[in-house]
Student: 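One structure is given below, represented as structure tokens, and several questions about it will come after.
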Protein chains: 2
Amino acid sequence: MLSKKTKYAFHALIYLGKNKEQGAILIQEISEKYGISHKFLENILLELKKAGFLGSKKGKGGGYYLIKEPQEIPLSRVIRLLDGPIALLPCVSLNYYEPCEECENQETCGLNKVMANVRDETLKILEMKTLQDILENE
Amino acid sequence: MLSKKTKYAFHALIYLGKNKEQGAILIQEISEKYGISHKFLENILLELKKAGFLGSKKGKGGGYYLIKEPQEIPLSRVIRLLDGPIALLPCVSLNYYEPCEECENQETCGLNKVMANVRDETLKILEMKTLQDILENE
DNA sequence: CACAAAACCTACAAAAATTATAGAGTATAT
DNA sequence: ATATACTCTATAATTTTTGTAGGTTTTGTG
């Protein structure tokens with residue numbers, strides 16, 4: 001399951017995507033809309049900004065806005081950013097690789113091989129689906 | 001990522017699958033093989049037994065053994081048993097459904113629709129892959 | 001039958017991760 | 001100059017995961 005952080009990130013991205021033409025949007029507007037703690041959402045939006053999805057403006061009239069096209073934001077990137085690895089095991093993670101402690105030889109580990117396969121198939125889906133797909137279903 | 005519980009469950013199933021002809025196998029044998037705490041593994045094997053994957057025998061000469069064919073144990077069932085939902089959101093979980101608090105109307109939620117789609121695709125993989133596939137790669 | 005072996009069961013403790021909050025700092029429009 | 005609203009770091013609270021303790025029950029064996 002996605003963490004709340006990631007779920008909230010998606011809600012924020014969706015809201016910003018739907019209201020693109022309005023320019024900068026307040027954290028507060030989004031947090032009230034979805035009943036998310038203002039401060040918690042603040043951290044999330046900041047991460048999304050640092051990752052290059054959002055832009056922001058300080059001071060009066062400020063707020064956040066999308067700086068990427070919705071079709072350039074695959075689910076996989078958002079999930080990796082907020083939740084970490086998509087792979088089911090650390091030893092098959094492309095972005096957060098770590099060997100499994102209990103595994104003597106990764107080369108001959110059947111679990112490793114099958115999970116690498118699952119990862120590839122999962123990534124196909126999560127890289128194909130983008131914010132655009134979500135917006136089209138709203 | 002899978003929890004350690006689920007990962008250990010897979011290791012145990014693999015070990016029992018590989019050593020099928022030996023009959024009942026001690027918890028201790030598995031826990032030592034993979035460096036898993038005996039007591040922690042005990043709980044896991046018990047769950048696998050209650051779910052109908054394993055049989056057991058008490059007393060001297062006792063232990064655990066596989067009672068299902070490896071091809072009858074899809075990854076999805078093991079993951080659901082130990083880790084819970086496979087879906088990325090509670091509102092699209094088939095086995096652990098819960099509405100999302102922040103979502104007014106699930107019927108018109110684009111996130112819901114896309115995540116239901118992701119769930120279907122993910123399930124196709126996790127239901128197709130079985131313990132048998134892992135054993136074949138060992 | 002007595003005993004030892006090994007699974008069964010419940011509850012709890014420790015550790016880690018997630019979720020949430022606090023408060024001071026910085027940039028900007030008016 | 002001031003109010004507004006994002007930025008940043010640290011920390012607190014909560015929940016989940018991981019691990020431990022200790023007794024109970026079943027079963028094979030001498």
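Because the structure is predicted, anything quoted here is derived from the model rather than measured. Just so you know, these numbers use all the heavy atoms, side chains as well, and skip hydrogens, waters and symmetry mates. The sequence lines fix the lettering, A, B, ..., with proteins before strands; numbering per chain opens at 1.
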Student: May I have the distance from A/K60 (atom NZ) to D/dA3 (atom P), rounded to whole angstrom?
Tutor: 11 Å
Student: May I ask you to decide whether B/K50 forms a salt bridge with B/E47, counting only side-chain N to carboxylate O separations under 4.0 Å?
Tutor: no
Student: Could you tell me the separation between the CD1 atom of B/I44 and the C1' atom of C/dA7, rounded to a whole number of Å?
Tutor: 15 Å
Student: Base, backbone or nothing for each nucleotide of nucleotides 6-20 of chain D, written B, S, -, heavy atoms under 4.0 angstrom, 5' to 3'?
Tutor: BBB---------SBB
Student: Name the one of A/N43, A/I44, A/L41 that satisfies side chain to side chain contact (heavy atoms under 4.5 Å, CB included) with A/K5?
Tutor: A/I44
Student: Just the rounded figure in Å: distance from C1' of C/dC9 to CG of B/L41.
Tutor: 16 Å
Student: Counting C-beta onward and ignoring hydrogens, is there a side-chain heavy-atom pair between A/I125 and B/I125 closer than 4.5 Å?
Tutor: yes
Student: Whether the side chain of B/K58 engages the backbone of B/G63 through a donor-acceptor N/O pair (distance < 3.5 Å, no angle test) should be reported.
Tutor: no
Student: So if I apply the side chain to side chain contact (heavy atoms under 4.5 Å, CB included) rule between A/K129 and each of A/L131, A/L126, A/D133, which one comes out positive?
Tutor: A/D133
